[in-house]
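Report on one structure; see the data block that follows.
Computed over heavy atoms, backbone and side chain alike; hydrogens, waters and symmetry mates excluded. Small disclaimer: the values here were computed from a predicted structure and weren't measured. Chain letters run A, B, ... following the sequence lines, proteins first, then strands; residues in each count from 1.
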Amino acid sequence: MTRAEFPSRWHPADFAGDPVLTARRLLGSTLVRTLPGGVRLAGRIVEAEAYDCPRDPACTAGRFHAARSAEMAIPPGHWLFWTAHGHPLLQVACREAGVSASVLIRALEPLEGREVMLDHRPVIRERDLTNGPAKLVAALGLHPAQVSRTPVDSAGLHLERAPALPDADVVTTARIGLREGRNLPWRFHVRGSPWVSPATPSMDLLTLPD
DNA sequence: ACGACGATTCACT
DNA sequence: GTGAATCGTCGTG
């Protein structure tokens, strides 16, 4: 029963460390949603960001994370949803329970279940299907109440591990949509992928302090 | 109870 | 590129 499955899955214990390293390492892995009937919706992770309180200005300066006790209580390796502008965003809790650290999955390259995803989220241009954090949640038909707080190797939503991408295939940039913490290079995406979020081009050229 | 504020998206110009 | 919609969360009264 405990023999390794192939392809191997990410397990909760894999998220006990630094969310920045984890976000980088997650690129290339596959996010799989298995519908009740057994149909698989899957996408390759091509963009991810890290959040890491309290050293993260995006959290501390703001009173934001501090009071979201429900999110902070989530143990590492479990799914959670941050909401912004009314949209639920899929993340994985990192470090340890009680600490607000996480990886935000920002974009996918659709691999399986394209028809169903298009049904969930009708779009004109195919590339708009999953090229944003709230878009991929909609395309996969994820509902926070059902998924939040479940482990990353759950039957309904799990992660299939891929070999780490070489540095040459990864672009590191500042995070998107923040006021504070813009100087931190905590966003990663697959170089040249047409499936990353539209905000990418300008961010690529951003100069980061050392 | 009320108002301000986004870890976004969409429709425009 | 600019601006509006949107709604749950959080701070204040």
Ring centre gap for A/Phe15 and A/Trp10 strictly below 6.0 Å: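 Yes.
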Between [atom2] of [N] and [atom1] of [X], the distance in whole Å:
X: A/Arg179; N: B/dC5; atom1: CZ; atom2: C1'; answer: 10 Å
X: A/Leu89; N: C/dT6; atom1: CG; atom2: C1'; answer: 13 Å
X: A/Ile176; N: B/dT9; atom1: CD1; atom2: P; answer: 9 Å
X: A/Phe81; N: B/dG6; atom1: CZ; atom2: P; answer: 23 Å
X: A/Trp82; N: B/dC5; atom1: CH2; atom2: P; answer: 16 Å
X: A/Asn131; N: B/dC10; atom1: CG; atom2: P; answer: 9 Å
X: A/Arg125; N: B/dT9; atom1: CZ; atom2: P; answer: 14 Å
X: A/Glu49; N: B/dT8; atom1: CD; atom2: P; answer: 7 Å

Look at A/Arg161 together with A/Asp14 and state whether they make a salt bridge at an N to O cut-off of under 4.0 Å. yes
Axial cation check for A/Tyr51 ring with A/Arg175, 6.0 Å and 45° limits: yes
Is it possible for you to say whether A/Leu35 and A/Val147 belong to one hydrophobic cluster, with membership spreading through side-chain heavy-atom contacts below 4.5 Å?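 A/Leu35 clusters together with A/Val147.
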Aromatic-base stack, A/His85 on B/dT8, cutoff 5.5 Å, angle under 30: yes
Quick check: on DNA chain B, is the nucleotide nearest A/Gly86 upstream (toward 5') of the one nearest A/Arg121, or the reverse? Name the residue that is more 5'. A/Gly86
Quick one: look up who C/dT6 pairs with, Watson-Crick or G-U, both distances under 3.5 Å, and put none if it's unpaired. none
